[in-house]
Every structure is written in structure tokens, then in C-alpha cells.
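This report refers to the structure that appears directly beneath it.
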Amino acid sequence: MTTSINDPLQAAKSWQDDGLAVAIATVVETWGSSPRPAGSQLAVNEKAEFEGSVSGGCIEGAVVTEALDVMESGVPKLMEFGVSDAMAWEVGLACGGTVRVFVEKLEH
């Protein structure tokens with residue numbers, strides 16, 4: 001479920017103000033064909049609500065799942081998706097490129 005704010009950082013701040021745990025996923029590197037450029041962000045709260053995009057939809061589900069784990073553990077994670085990666089095919093990233101996404105919990 002997405003919010004109506006349309007800005008992942010504003011959504012993250014709003015969720016934190018409401019007392020929710022929040023994680024931010026940021027595209028840190030792309031190679032080849034990629035639907036979203038480096039710097040693109042996705043905010044996720046503990047209810048699995050999200051705002052923004054790191055891939056135009058093809059890896060968001062995997063990133064949201066990882067963000068929930070990162071919120072729980074507090075340990076950031078660098079995720080990599082590419083066409084040679086079986087997980088990339090599972091989540092629909094068959095566009096011919098590689099995307100690296102850094103997921104971190106936001107602290108107040």
C-alpha cells in the first residue's frame with residue numbers, strides 16, 4: 001500500500017512522526033539497462049506501506065521484504081539484482097542490467 005505523499009523522504013518523516021519504524025532503500029549503483037537511476041529512493045514503514053520506487057516495480061517486493069528485516073535487526077544491507085541473478089528473474093528484473101540498492105533503518 002502506498003501513501004498519497006509521493007515523496008519518499010516526506011513519507012518517511014510523516015511515518016516517524018506517527019511513531020512508526022521506517023527504512024529507506026536507495027539505488028546506489030546501476031549498470032546497463034535500469035528502470036530507475038542511482039539516487040532513486042523507496043521509503044518503507046513497519047506496516048509494509050511504501051512510497052517511491054527503486055525499480056519501476058520489478059524489485060520493489062523484494063526490497064520491501066528486506067526493509068522489514070532491516071527495521072527489525074537494525075543492520076543495513078546492500079542488495080544486488082541483475083539478469084544473471086536467479087532472484088532478479090524471480091522478481092521480474094529481466095531488462096539486461098544490474099541494480100544495487102542500499103537498505104537502512106532510519107533513526108530519529
Side-chain angles (χ1 to χ4, degrees):
M1 177 176 171
T2 61
T3 69
S4 60
I5 294 174
N6 297 320
D7 179 337
L9 297 180
Q10 286 182 351
K13 168 117 176 58
S14 177
W15 292 329
Q16 280 192 322
D17 289 349
D18 290 342
L20 297 172
V22 178
I24 292 286
T26 304
V27 175
V28 293
E29 184 178 9
T30 65
W31 177 85
S33 178
S34 173
R36 302 285 297 157
S40 298
Q41 293 185 307
L42 177 75
V44 182
N45 69 29
E46 65 188 58
K47 298 179 184 178
E49 296 171 322
F50 60 92
E51 185 66 55
S53 177
V54 290
S55 72
C58 57
I59 64 171
E60 259 77 4
V63 173
V64 168
T65 298
E66 192 62 43
L68 294 170
D69 290 344
V70 166
M71 280 182 261
E72 184 76 25
S73 71
V75 178
K77 173 129 187 211
L78 181 62
M79 303 177 73
E80 183 172 328
F81 301 91
V83 293
S84 63
D85 184 338
M87 185 175 195
W89 286 98
E90 284 178 32
V91 298
L93 185 67
C95 55
T98 300
V99 177
R100 287 196 179 124
V101 179
F102 184 71
V103 183
E104 61 190 317
K105 181 178 181 179
L106 289 185
E107 303 294 337
H108 283 298

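By convention here, the first residue in the shown sequence is residue 1.
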Open item on the list: Donor-acceptor check, side chain of Thr65 to backbone of Gly61, threshold 3.5 angstrom: yes or no?
Closed with: yes

Open item on the list: Which residue is it: Ile24, Val103, Val63, Val44? I am looking for the one with a side chain to side chain contact (heavy atoms under 4.5 Å, CB included) to Val70.
Closed with: Val103

Below 3.5 Å, can you tabulate the donor-acceptor pairs from side chains in residues 16-23 to any protein atom, sequence neighbours excluded?
unit_1, atom_1, unit_2, atom_2, d
Gln16, NE2, Leu106, O, 3.3
Asp17, OD1, Lys13, NZ, 3.1
Asp17, OD2, Lys13, NZ, 3.0

Open item on the list: Is it the case that the side chain of Glu60 and the backbone of Ser55 share a donor-acceptor pair, with hydrogens and angles ignored and the cut-off at 3.5 Å?
Closed with: yes

Open item on the list: Restricting to non-hydrogen atoms, name the atom on Leu42 and the atom on Ser53 that form the minimum distance, rounded to 0.1 Å.
Closed with: CD1-N, 4.0 Å

TODO: Drop me the distance from Ser14's OG to Leu9's CG, to the nearest 0.5 angstrom.
DONE: 12.5 Å

TODO: Determine, using the 4.5 Å side-chain heavy-atom cutoff (strictly less than), whether Met79 and Val54 are members of one ILVMFWY cluster.
DONE: yes

- [ ] Output the distance between atom CD (Glu104) and atom CE (Met71), rounded to the nearest 0.5 Å.
- [x] 12.0 Å

Open item on the list: Tell me which pairs pass salt bridge (charged side-chain N to carboxylate O under 4.0 Å, His left out) where either residue lies in residues 28-42, with sequence neighbours left out.
Closed with: Glu29-Arg100

TODO: Check Pro37 against Ser40 and note the closest heavy-atom contact, atom names and distance.
DONE: O-OG, 2.8 Å

Open item on the list: To check you understand the geometry: which heavy-atom pair defines the closest contact between Leu68 and Asn45, and what is its length?
Closed with: CD2-O, 3.6 Å

Task: Non-neighbouring partners of Gln41 that pass side chain to side chain donor-acceptor pair (under 3.5 Å), sequence neighbours left out - done: Thr26

